[in-house]
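Treat the numbers as computed from the prediction; the structure is a model and nothing was measured.
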Amino acid sequence: MYNRVLVVDDHDAILHSIGKILDVLGVNAVDAAQYCDEAYLKYKRAKLDEAPYDLIITDLSFKKDHRTTKLESGEDLIEAIRPHDDTIKIIVYSMNDHLQKVRYLIDRLGVNGYVCKDRKGSKELLEALKLVKSSNIYLSPQIREARHNTNNLEIEDYDITLLKLLSKGKSQEEISQMFKSKSIKPSSLSSVEKRLNRLRIQFRAENVVHLVAQAKDLGLI
């Protein structure tokens, strides 16, 4: 089964429940983290010690507290890890079931499993652990259509980045400058404006504020 597992969740009861499921599978080396910066440090430490985790199970949403954090969500954590590590298995265990969010995490970030926290969550997580170990992808039944439903909005990574920056209060001019500094293309102000116009039409948004609200409702940002 798995050699070392890192479980990331800010609820003690969930951590305990996942621990029991892993125990059933005979997984003894299990570490826990209750916020994403802590999880990332543990992930990096394990690699430096040459005893890396072969599985991460993480929630997406974490309540803010007194800590100043760089990684505020499970998505941030995955985005920090996956571009540099395509071997570690990652299972999302979350109440967020927005189809666009699932599609982004599975298709763009290479998440291996997505399990919904509901009354059947523990049973599905056990199934996911077995399938993912065999290099299969697991999706909870209610969200399997996320990868196949062509009626949902299709947006690119560029659009996600643009929407996230807008949600943080960045102006179009600031976004253009940030894109130029990071070599993200297209980066010109006119290109950013055109992309925003396209997104407003696609989301049927009246203005930028409405566009950001729509994106949040869909779980894109």
J.: If the condition is side-chain contact (heavy atoms from CB on, under 4.5 Å), which residues does D118 pass it with, not counting sequence neighbours?
T.: C116, K120, Q142

J.: Donor-acceptor pair, distance only, cut-off 3.5 Å: does the side chain of N197 make one with the backbone of E193?
T.: yes

J.: For the pair R200 (side chain) and F203 (backbone), establish whether a donor and an acceptor sit closer than 3.5 Å, ignoring hydrogens and angles.
T.: no

J.: Dump the intermediate steps for salt bridge (charged side-chain N to carboxylate O under 4.0 Å, His left out) on D49 and R45, then the final yes or no.
T.: CA-CA 6 Å; D49 292 341; R45 180 79 267 173; 3.4 Å; yes

J.: Kindly indicate, with the supporting measurements, whether the criterion side-chain contact (heavy atoms from CB on, under 4.5 Å) is fulfilled by S73 and S61.
T.: CA-CA 5 Å; S73 68; S61 301; over 6 Å; no

J.: Indicate if I90 and L15 have the same hydrophobic cluster label, given that clusters are the connected sets of ILVMFWY residues with side-chain heavy-atom separations under 4.5 angstrom.
T.: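 I90 does not cluster with L15.
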
J.: Which atom pair, heavy atoms only, marks the closest approach of K89 to S135?
T.: NZ-OG, 3.6 Å

J.: Check K47 against P52 and note the closest heavy-atom contact, atom names and distance.
T.: CG-CB, 4.2 Å

J.: What do the steps show when you test D157 against Y104 for side chain to side chain donor-acceptor pair (under 3.5 Å), and what is the final call?
T.: CA-CA 8 Å; D157 291 345; Y104 174 67; 4.8 Å; no

J.: Rounded to the nearest 0.5 Å, how far does CD1 of I175 lie from NZ of K180?
T.: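 K180 NZ to I175 CD1: 13.0 Å, rounded to 0.5 Å.
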
J.: Find the distance between CG (D54) and CG (N3) and round it off to the nearest 0.5 Å.
T.: 5.0 Å

J.: State whether R195 and D159 are salt-bridged, where the test is any N-O pair (Lys NZ or Arg NE/NH1/NH2 against Asp/Glu carboxylate O) under 4.0 Å.
T.: yes

J.: What pairs with D23 under side-chain contact (heavy atoms from CB on, under 4.5 Å), at least two apart in sequence or on another chain?
T.: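 For D23 the side-chain contact (heavy atoms from CB on, under 4.5 Å) partners, ignoring immediate neighbours, are N28.
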
J.: For the pair D9 and K117, find out whether any cationic side-chain nitrogen is under 4.0 Å from an anionic carboxylate oxygen.
T.: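 Between K117 and D9 there is a salt bridge, with a charged N closer than 4.0 Å to a carboxylate O.
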
J.: Quick check on the hydrophobic clustering: are L131 and L22 connected, directly or via other members, by side-chain heavy-atom contacts under 4.5 Å?
T.: yes

J.: Between L55 and I88, is there a side-chain heavy-atom distance shorter than 4.5 Å?
T.: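 No - every pair of side-chain heavy atoms lies 4.5 Å or more apart.
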
J.: I'd like to know if the side chain of D59 and the backbone of V92 have a donor-acceptor N/O pair within less than 3.5 Å.
T.: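 Answer holds: no.
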
J.: Taking S94 for the side chain and N96 for the main chain, is one N or O donor matched with an acceptor at less than 3.5 Å?
T.: yes

J.: Is the shortest heavy-atom distance from the side chain of Y35 to the side chain of L71 under 4.5 Å?
T.: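 Heavy-atom side-chain distance check fails, nothing below 4.5 Å.
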
J.: Got a second to check how far Y93's OH is from L129's CG, nearest 0.5 Å?
T.: 10.0 Å

J.: Would you check if the side chain of R82 reaches a backbone N or O of G110 as a donor-acceptor pair within less than 3.5 Å?
T.: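 Answer holds: yes.
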
J.: Is there a donor-acceptor contact under 3.5 Å from the side chain of S187 to the main chain of S176?
T.: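 No, because the side chain of S187 does not come within donor-acceptor range (under 3.5 Å) of the backbone of S176.
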
J.: Check whether F62 and L77 end up in the same hydrophobic cluster, where Ile, Leu, Val, Met, Phe, Trp and Tyr are linked by side-chain heavy atoms less than 4.5 Å apart.
T.: yes

J.: Judged by atom type as modelled, is there a donor-acceptor pair below 3.5 Å linking the side chain of Y158 to the main-chain atoms of P186?
T.: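 Looks like yes, one N/O pair under 3.5 Å.
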
J.: Are I56 and V5 grouped together when hydrophobic residues (ILVMFWY) are joined by side-chain heavy atoms under 4.5 angstrom apart?
T.: no

J.: I106 and L139: side-chain contact (heavy atoms from CB on, under 4.5 Å), yes or no, with the steps?
T.: CA-CA 9 Å; I106 296 290; L139 296 177; 3.8 Å; yes

J.: Between I91 and V111, is there a side-chain heavy-atom distance shorter than 4.5 Å?
T.: no

J.: Check the pair L125 / Y138 against side-chain contact (heavy atoms from CB on, under 4.5 Å), numbers first and verdict last.
T.: CA-CA 9 Å; L125 181 58; Y138 180 89; over 6 Å; no

J.: Report yes if the side chains of Y40 and V8 come closer than 4.5 Å at any heavy-atom pair, otherwise no.
T.: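 With C-beta onward as the side chain, the pair stays apart.
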
J.: Flag yes if L105 and L6 sit in one hydrophobic cluster, no otherwise; membership is Ile, Leu, Val, Met, Phe, Trp, Tyr, and two members link when side-chain heavy atoms are under 4.5 Å apart.
T.: yes

J.: Considering residues at least two apart in sequence or located in another chain, which fulfil the side-chain contact (heavy atoms from CB on, under 4.5 Å) criterion with A46?
T.: R4, Y53

J.: When you measure from the side chain of H16 to the backbone of D12, do you find a donor-acceptor pair of N or O atoms at a distance under 3.5 Å?
T.: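 Such a contact is absent between H16 side chain and D12 backbone.
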
J.: Go through the steps for K70 and D76 under the test salt bridge (charged side-chain N to carboxylate O under 4.0 Å, His left out), then give the verdict.
T.: CA-CA 9 Å; K70 292 182 179 179; D76 289 343; over 6 Å; no

J.: Can you tell me how far apart SG (C36) and CD1 (I81) are? Round to the nearest 0.5 Å.
T.: 9.0 Å

J.: Provide the full list of side-chain hydrogen bond (donor to acceptor under 3.5 Å, both in side chains) pairs with a residue in residues 123-133, sequence neighbours left out, each pair given once.
T.: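 Residue pairs passing side-chain hydrogen bond (donor to acceptor under 3.5 Å, both in side chains), neighbours aside: E124-S140.
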
J.: Give every donor-acceptor pair under 3.5 Å between a side-chain atom in residues 162-170 and any protein atom, sequence neighbours left out.
T.:
residue	atom	partner	partner atom	Å
K164	NZ	E75	OE2	3.3
K164	NZ	E79	OE1	3.3
K164	NZ	E79	OE2	3.2
S167	OG	K164	O	2.6

J.: Please check if the side chain of K216 supplies one atom and the backbone of L211 the other of a donor-acceptor pair under 3.5 Å.
T.: no

J.: Quick check on M1: does its CE atom have over 12 non-hydrogen neighbours (other residues, nucleotides or ligands) under 6.0 Å away?
T.: yes

J.: Given Y114 and L60, is the side-chain contact (heavy atoms from CB on, under 4.5 Å) satisfied, shown in steps?
T.: CA-CA 11 Å; Y114 199 112; L60 293 180; 3.4 Å; yes

J.: So, using side-chain contact (heavy atoms from CB on, under 4.5 Å) as the criterion, who are the partners of S171 when residues are at least two apart?
T.: E173, E174

J.: Do V209 and V212 make a side-chain contact, defined as non-hydrogen atoms from C-beta onward lying under 4.5 Å apart?
T.: no

